[in-house]
Amino acid sequence: MLDEPPTATPLEEARRQVRICNACRYCEGYCAVFPSMFSRRSFADADLSQLAQLCHNCRGCHYACQYTEPHEFALNLPAALADLRAEDQIRLAWPSGLAGVFQRSGVAMAAAMAAGTAILFLAVAALPGDGPGFYSHLSHAAMVAIFTPAFLFPLAALWVALRRYWREVGGGRTTLSHWRDASLAAATLRNLSGGAAKGCNFEKGDRYSQARRHAHSAAMWGFLLCFASTASGTILHYLFDWPAPYPFLSPPKLLGVPGGILLTAGAAALAVLKLKSDSKLGSESAWGGEMAFTLLLCFTGLSGLALYAATGTVLVAPLLAAHLGLVLTLFLTLPWSKMAHGFFRFAALLRDAQRKSP
Amino acid sequence: MDIASKNPDLIVAGAGNAALCAAIEAAEAGMDVLMLEAAPKPYRGGNSRHTRNFRCMHDAPISTLSGAYGEKEYLADLLRVTNGETDEELARIAIRGSEKALPWMEAHGVVFQNSLSGTLSLERTNAFFLGGGKALVNAYHNTAEDLGVTVAYGAEVRRVHLDGDRFTGVTARVGGAELDIPARGAVLASGGFQADIDWLASAWGEAARNFLIRGTPYNRGVVLRDMLDKGARSVGDPTQCHAVAIDGRAPKFDGGIVTRLDCVPFSIVVNRHGERFHDEGEDVWPKHYAIWGRLVAAQPDQVAYAIIDAKAADDFMPTVHPPETADTIGGLARKMGLPPEAVEKTVAEYNAACRPGTFDGGDLDGLSTAGVDPPKTNWARPITDPPFAGYALRPGVTFTYLGLKVGPDARVRSNSRPYANIWAAGEIMAGSILGQGYLAGFGMTIGTVFGRIAGREAARVLSSRRNGGTHA
Ligand SMILES: Cc1cc2nc3c(=O)[nH]c(=O)nc-3n(C[C@H](O)[C@H](O)[C@H](O)COP(=O)(O)OP(=O)(O)OC[C@H]3O[C@@H](n4cnc5c(N)ncnc54)[C@H](O)[C@@H]3O)c2cc1C
Ligand code: SF4
Ligand code: SF4
């Protein structure tokens with residue numbers, strides 16, 4: 001029963017491996033997955049889903065495991081949880097068919113990028129504005145008309161998925177301290193720290209390294225800064241009647257430029273690390289989709305920086321179209337791409353905070 | 001890699017904890033070290049891969065360890081489990097060395113974590129490796145690699161070459177071919193002989209063929225036997241091994257920690273004939289599990305069956321294999337291939353002997369039977385609530401006691417005197433200190449402390465001889 005052929009479903013395979021871990025417990029100090037696991041004796045489907053979303057794929061437990069292949073127990077917990085994680089994010093997504101496409105397929109993701117960019121090129125060609133700066137290429141009204149639904153619809157879809165998740169894993173009413181704990185874990189990527197090991201085992205095999213944690217932090221904070229930059233622009237536009245273009249010493253630029261640099265460098269580093277790492281310790285079927293998403297992040301940041309650098313030149317129009325096209329793609333695919341993992345992960349951290357202090 | 005023409009200063013046989021500690025110390029002292037590991041790379045590190053902690057003396061809180069655990073208490077614990085079967089001088093070296101070992105281990109890549117859930121009793125005395133022994137082995141291998149140590153995998157040392165009391169090299173089997181590899185000295189750290197089932201059977205009796213081996217299949221005692229044949233002095237009872245009761249469905253080798261079964265105190269245990277044979281409630285399990293290895297080994301076919309009811313289902317650590325379950329005792333017996341009437345009778349007699357009282361799974365609760373033989377002296381609750389569950393138990397061998405006699409400098413001795421340039425560390429010499437019984441975490445302590453001594457001593461002796469050579 002422990003040496004089933006690998007035809008098991010991700011759920012069955014995770015259950016088989018988790019049962020072994022729960023009898024072993026050697027990896028307790030690596031991450032939040034193990035204390036959560038060891039608080040139970042048997043695992044309902046939703047318990048396994050929660051473990052899968054909690055796992056940050058640091059791989060510490062794999063290199064430390066005395067039961068990896070060729071041992072007949074064939075432990076590969078990071079891969080088992082990654083497969084289940086990907087499957088659950090597809091299953092829970094709404095509508096789920098789209099997630100199946102974008103999570104798994106790099107080609108689909110690339111096609112989405114091309115389509116998003118093409119739409120914007122057409123828009124720039126068809127809907128030039130008469131405002132200053134960007135708005136001379138695409139009117140403010142057109143931008144709002146395109147991006148408001150492109151922003152709100154995916155968020156609504158994501159909300160549906162997260163509600164499904166929360167209900168499945170038995171999440172209850174949260175308190176401020178749950179949010180504080182989860183936010184701290186997310187902000188510091190506590191679960192990529194390897195516990196006392198100070199790093200994870202991603203690109204250098206069984207040697208610990210902080211590279212992935214740092215790269216992921218850069219990408220995550222870079223993205224959030226870029227988002228804050230856009231939000232600040234919106235606020236300035238509507239509340240302070242201060243439309244773009246903004247000078248360097250303005251909130252949108254002060255947030256956006258470092259954000260863009262962090263996002264570009266972080267995502268590029270993540271892509272390089274992914275290439276160096278052993279794909280068998282992740283979800284192999286999701287590799288392409290994940291890689292395409294990482295590159296999308298990188299190109300989004302890069303095109304934004306290029307756009308800023310090109311201010312006042314003839315390159316503004318094509319760069320604006322490219323950048324907005326990539327941003328559009330990022331948002332439109334959000335509930336069904338690798339991007340969704342951040343939201344599921346946060347929900348899992350919140351649920352775990354709740355488990356620790358109900 | 002052409003290991004035959006490498007001409008290292010030092011050959012280290014094995015690549016577990018003791019071997020790695022020796023190799024690192026010797027390499028840091030400037031030795032050119034070649035490690036020969038019988039196992040292929042994924043299985044490197046022998047039984048050390050399966051460990052989780054080491055026992056560490058400390059006079060004040062250190063790393064993850066709280067409070068204090070002094071030399072006196074440590075030694076008293078050792079004397080208690082070994083019944084005095086220990087070489088006190090070597091024991092004190094291991095105990096004292098453990099305190100300095102901890103920071104050394106951290107400096108060489110080992111990371112510690114707080115004591116694992118379910119192991120509170122070891123919180124003060126034992127430092128736990130983050131990720132367990134395989135993470136420790138990996139860390140040491142990385143350190144050794146950075147120090148320029150060469151490791152050959154799938155390289156089994158078959159024979160040790162001696163010229164009088166002087167080591168001159170080994171014959172190793174590498175990829176099917178036998179190679180002679182000369183070297184100026186050797187550290188033997190190739191573990192015990194428990195994976196050689198024939199040897200085990202000749203020492204213990206044919207029953208040993210049904211034993212499961214908890215650790216690596218590569219510790220076959222080849223180096224140990226060769227050295228003993230060549231006149232090395234032995235230590236430890238050649239007929240004994242440390243065996244505990246484990247899950248009967250565990251793999252023959254390498255099942256490791258997950259095959260442990262902690263349910264015995266909350267169960268009744270019957271043999272093939274459906275009869276009880278020992279007081280299941282004699283003591284708390286950590287103090288008792290080794291006794292059950294022997295008890296089960298003495299039963300027909302070396303197998304026994306622990307039976308619990310629904311009340312006890314959550315009273316012990318989760319198991320790797322789910323139990324057999326049934327709604328009746330007879331049904332459970334049939335599922336496990338036991339005679340149903342006999343098991344029903346045994347359970348009925350036991351149930352009738354249970355008396356009212358308060359159950360406390362965490363401590364000796366004195367809840368005992370009256371009028372049944374053998375009695376159950378603690379945790380005796382009637383087995384009445386379905387579903388009933390059963391686990392097969394078999395003896396699982398942890399290690400063997402026979403080893404090479406060493407001095408305080410870890411040097412191996414022949415019957416007349418120490419060899420000039422052979423040292424030993426770890427399980428292959430542990431019988432000097434652990435003559436009987438076992439103290440949790442002490443195997444890794446012996447390996448670490450004597451591995452380090454062996455490596456340092458080898459470097460000292462071999463480099464002074466090399467310097468002497470240049471001057472002559
Ligand atoms: C399941 C289990 C759990 C344990 N848990 C603990 C614990 O938590 N704490 C503790 O202190 N102890 C524990 N022990 C005991 C501990 O494993 C040993 O005391 C310790 O690992 C011995 O270290 P060593 O380096 O001497 O031997 P090993 O680690 O077994 O290394 C021996 C090495 O020699 C190699 N080898 C064997 N023969 C040859 C040959 N002819 N040529 C070349 N190489 C050869 C083997 O492949 C292996 O690499 C446990 C044992 C088991 C089985
Ligand atoms: S991954 Fe391996 S070593 Fe870690 S807890 Fe699971 S079974 Fe044990
Ligand atoms: S891969 Fe890392 S985060 Fe995931 S379970 Fe293993 S140790 Fe935890």
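Convention: sequence-line order gives letters A, B, ...; per-chain numbering from 1.
Contact detail for A:Tyr26 and B:Thr51: the closest heavy-atom pair is CE2-O, 3.1 Å. Shown here for A:Arg19 and B:Pro323, the closest heavy-atom pair between the two residues is NH2-CD, 4.3 Å. Nearest heavy atom pair, residue A:Asn22 against residue B:Pro318, reads ND2-CG, 3.5 Å. Contact detail for B:Thr319 and A:Ala23: the closest heavy-atom pair is C-CB, 4.0 Å.
Contacts between B:Glu106 and chain A at a heavy-atom distance below 4.5 Å are absent for every atom of the residue. For B:Ser115, the part lying under 4.5 angstrom from a heavy atom of chain A is the backbone only. Using a 4.5 Å cut-off between heavy atoms, B:Asn114 makes no contact with chain A at all. Contacts of A:Phe34 with chain B are absent, with no heavy-atom separation under 4.5 Å from either backbone or side chain. Residue contact with chain A, scored on non-hydrogen atoms closer than 4.5 Å, is absent for B:Ala139. Neither the backbone nor the side chain of B:Ser48 comes within contact range of chain A; no heavy atoms are under 4.5 Å apart.
Here the side chains of B:Val258 and A:Phe73 are in contact, with some heavy-atom distance below 4.5 Å. With contacts defined as side-chain heavy-atom distances shorter than 4.5 Å, the pair A:Tyr30/B:Gln113 does not qualify. Counting only heavy atoms from C-beta outward, the side chains of A:Arg207 and B:Glu145 approach each other to under 4.5 Å. At least one side-chain heavy atom of B:Ile257 sits under 4.5 Å from a side-chain heavy atom of A:Gln66. Between B:Phe316 and A:Arg41 there is a side-chain heavy-atom pair separated by less than 4.5 Å.
Around the NZ atom of A:Lys198, the shell of radius 6.0 Å holds no more than 12 heavy atoms that belong to other residues, nucleotides or ligands.
The aromatic rings of A:Tyr67 and B:His50 sit tilted, their planes meeting at an angle between 30° and 60°.
The cationic atom of A:Arg25 (NZ for Lys, CZ for Arg) does not lie both less than 6.0 Å from the six-membered ring centre of B:Phe128 and within 45° of the ring axis.
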Fill in: Verdict with reasoning, A:Asp206 to B:Lys41, per salt bridge (Lys or Arg N to Asp or Glu O under 4.0 Å)
CA-CA 13 Å; A:Asp206 58 25; B:Lys41 192 172 177 190; over 6 Å; no
